[in-house]
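Notes follow once the structure below has been shown.
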Amino acid sequence: MASSLSQTVFSILLLLSLHQACAEMTHLHFYFHEILSGPNATVLTVVNPSNNTSLTFGKIVVVDDLLLEGLDENSKLIGRAQGLVGAVGKDGSLETLLNFVFTEGKYNGSTISIYGRVEIGVTIERPVVGGTGMFRMTTGYTLAKPVVFTATKVVNEFDVYLWHNEMKDN
């Protein structure tokens with residue numbers, strides 16, 4: 001029994017090592033534009049607790065943010081960041097579940113899924129937990145650096161590092 005379990009664990013570790021060794025590394029760089037208010041807002045509050053003593057704790061929003069090539073709001077749209085953001089900490093920290101849906105170029109139709117904690121005003125590191133299309137079976141991480149933070153708009157500069165086997169549909 002122990003020998004069988006050891007062989008299974010060894011086989012899994014070997015497969016994971018081979019996947020990582022054969023994987024291609026891709027670096028993506030873009031700007032994440034979030035519009036907080038106005039007719040083109042990309043954020044919508046779906047839960048806003050009324051019996052809350054803090055400003056944000058318990059709040060849940062959905063997002064459909066813009067992924068642009070550049071910092072300028074007129075830069076080329078390359079995709080959307082769609083998902084949920086929850087205010088999970090009384091310290092103001094957030095939890096994010098995001099899908100980056102690419103709509104242009106080589107990765108058109110592919111997605112990556114990101115999950116993790118956010119503290120406002122600092123560089124944010126979150127894991128990439130999966131993907132679709134060209135990014136099936138991907139792993140990696142993102143670094144998001146705040147570059148614009150106003151009452152109506154947030155812009156983060158994103159660097160995404162992915163390890164994946166380039167997948168093509170048959």
Side-chain angles (χ1 to χ4, degrees), residues 24-136 138-164:
E24 173 183 333
M25 197 285 253
T26 298
H27 172 234
L28 304 174
H29 180 263
F30 51 82
Y31 291 83
F32 176 106
H33 290 248
E34 187 166 77
I35 304 165
L36 302 173
S37 62
N40 297 318
T42 60
V43 177
L44 176 68
T45 299
V46 293
V47 174
N48 199 7
S50 60
N51 61 350
N52 191 341
T53 57
S54 74
L55 293 174
T56 60
F57 182 65
K59 184 176 187 175
I60 299 174
V61 301
V62 292
V63 297
D64 188 11
D65 296 322
L66 309 171
L67 302 179
L68 302 179
E69 279 187 344
L71 180 57
D72 185 87
E73 62 190 31
N74 296 314
S75 296
K76 182 179 180 180
L77 178 71
I78 60 166
R80 309 292 294 208
Q82 299 170 329
L84 298 169
V85 179
V88 297
K90 290 189 177 186
D91 62 354
S93 60
L94 308 171
E95 197 75 19
T96 60
L97 286 141
L98 297 173
N99 285 306
F100 286 1
V101 181
F102 296 99
T103 58
E104 287 292 326
K106 179 179 181 180
Y107 304 116
N108 182 20
S110 297
T111 68
I112 57 173
S113 298
I114 297 161
Y115 174 78
R117 187 171 193 269
V118 173
E119 291 182 53
I120 304 299
V122 299
T123 298
I124 304 157
E125 181 177 354
R126 286 175 282 195
V128 174
V129 296
T132 66
M134 297 286 282
F135 298 125
R136 282 186 206 129
T138 196
T139 60
Y141 66 96
T142 67
L143 296 173
K145 177 183 169 189
V147 291
V148 175
F149 194 87
T150 68
T152 60
K153 186 173 191 174
V154 175
V155 179
N156 285 303
E157 180 179 14
F158 260 82
D159 283 292
V160 180
Y161 299 91
L162 304 170
W163 285 266
H164 61 98

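The shown structure was predicted, so the numbers you read here are calculated from the model rather than taken from an experiment. When reading the values below, keep in mind they use all heavy atoms of this one structure, side chains included, and skip hydrogens, waters and symmetry mates.
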- [ ] Please report the C-alpha distance between Lys59 and Val61 in whole Å, then the side-chain angles of each, then the deciding distance to 0.1 Å, and finally whether the side-chain contact (heavy atoms from CB on, under 4.5 Å) criterion is met.
- [x] CA-CA 7 Å; Lys59 184 176 187 175; Val61 301; 4.0 Å; yes
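- A pairwise comparison of heavy atoms in His33 and Leu71 identifies CE1-O, 2.9 Å as the closest pair.
- Partner Tyr107 forms a ring-ring contact (aromatic ring centres under 6.0 Å, His included) with one of Phe135, Phe100, Phe30 and no other, that one being Phe135.
- The CG atom of Leu143 sits 10.0 Å away from the CD1 atom of Ile124 when rounded to the nearest 0.5 Å.
- Contact detail for Ser75 and Asp72: the closest heavy-atom pair is OG-O, 2.8 Å.
- Of all heavy-atom pairs between Arg117 and Glu119, the closest is NH1-OE2, 2.8 Å.
- Proximity of Val154 to Phe32: side-chain heavy atoms (C-beta onward) are nowhere separated by under 4.5 Å.
- Remark: Leu97 CG to Glu95 CD distance equals 7.0 Å, nearest 0.5 Å.
- Contact between Gly109 and Thr132 at its shortest, heavy atoms only, is O-OG1, 4.2 Å.
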- [ ] Assess whether side-chain contact (heavy atoms from CB on, under 4.5 Å) is satisfied between Met134 and Thr26, documenting all intermediate values.
- [x] CA-CA 11 Å; Met134 297 286 282; Thr26 298; over 6 Å; no
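- Using cut-offs of 30° and 60° on the angle between ring planes, the pair His29 and Tyr31 is perpendicular.
- Side-chain atoms of Thr42 and Val63, non-hydrogen and from C-beta on, never get closer than 4.5 Å to each other.
- When atom types are taken as modelled, the side chain of Thr96 and the backbone of Gly116 share a donor-acceptor pair closer than 3.5 angstrom.
- Residues Glu104 and Leu77 are not in side-chain contact: their nearest non-hydrogen atoms beyond the backbone lie 4.5 Å or more apart.
- Phe158 has its side chain out of reach of Leu67: every pair of non-hydrogen atoms, C-beta onward, lies at least 4.5 Å apart.
- By the salt bridge (charged side-chain N to carboxylate O under 4.0 Å, His left out) test, Glu73 pairs with Lys153, sequence neighbours left out.
- Listed for the Asn99 side chain is no donor-acceptor partner under 3.5 Å among the backbone atoms of Val101.
- Note that the OG1 atom of Thr142 and the CD1 atom of Ile114 stand 4.5 Å from one another [nearest 0.5 Å].
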- [ ] Let me see the working for Phe102 and Ile112 under side-chain contact (heavy atoms from CB on, under 4.5 Å), right down to the final yes or no.
- [x] CA-CA 9 Å; Phe102 296 99; Ile112 57 173; 4.1 Å; yes
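- Side-chain contact between His164 and Arg136: absent, with no pair of heavy atoms (C-beta onward) separated by less than 4.5 Å.
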Open item on the list: Assess the residue pair Arg126 and Val118 against the criterion (side-chain contact (heavy atoms from CB on, under 4.5 Å)); give the C-alpha distance rounded to whole Å, side-chain angles, the decisive distance to 0.1 Å, and a yes or no.
Closed with: CA-CA 8 Å; Arg126 286 175 282 195; Val118 173; 3.4 Å; yes
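- The shortest non-hydrogen separation linking Ala144 to Asn156 is CB-CB, 4.2 Å.
- The environment of OH in Tyr161 is crowded: more than 12 heavy-atom neighbours from other residues, nucleotides or ligands sit within 6.0 Å.
- Evaluated for a side-chain hydrogen bond (donor to acceptor under 3.5 Å, both in side chains) with Arg80, the options Asp65, Asp64, Thr111 yield exactly one hit, Asp64.
- The side-chain heavy atoms of Leu68 and Val155, taken from C-beta on, include no pair separated by under 4.5 Å.
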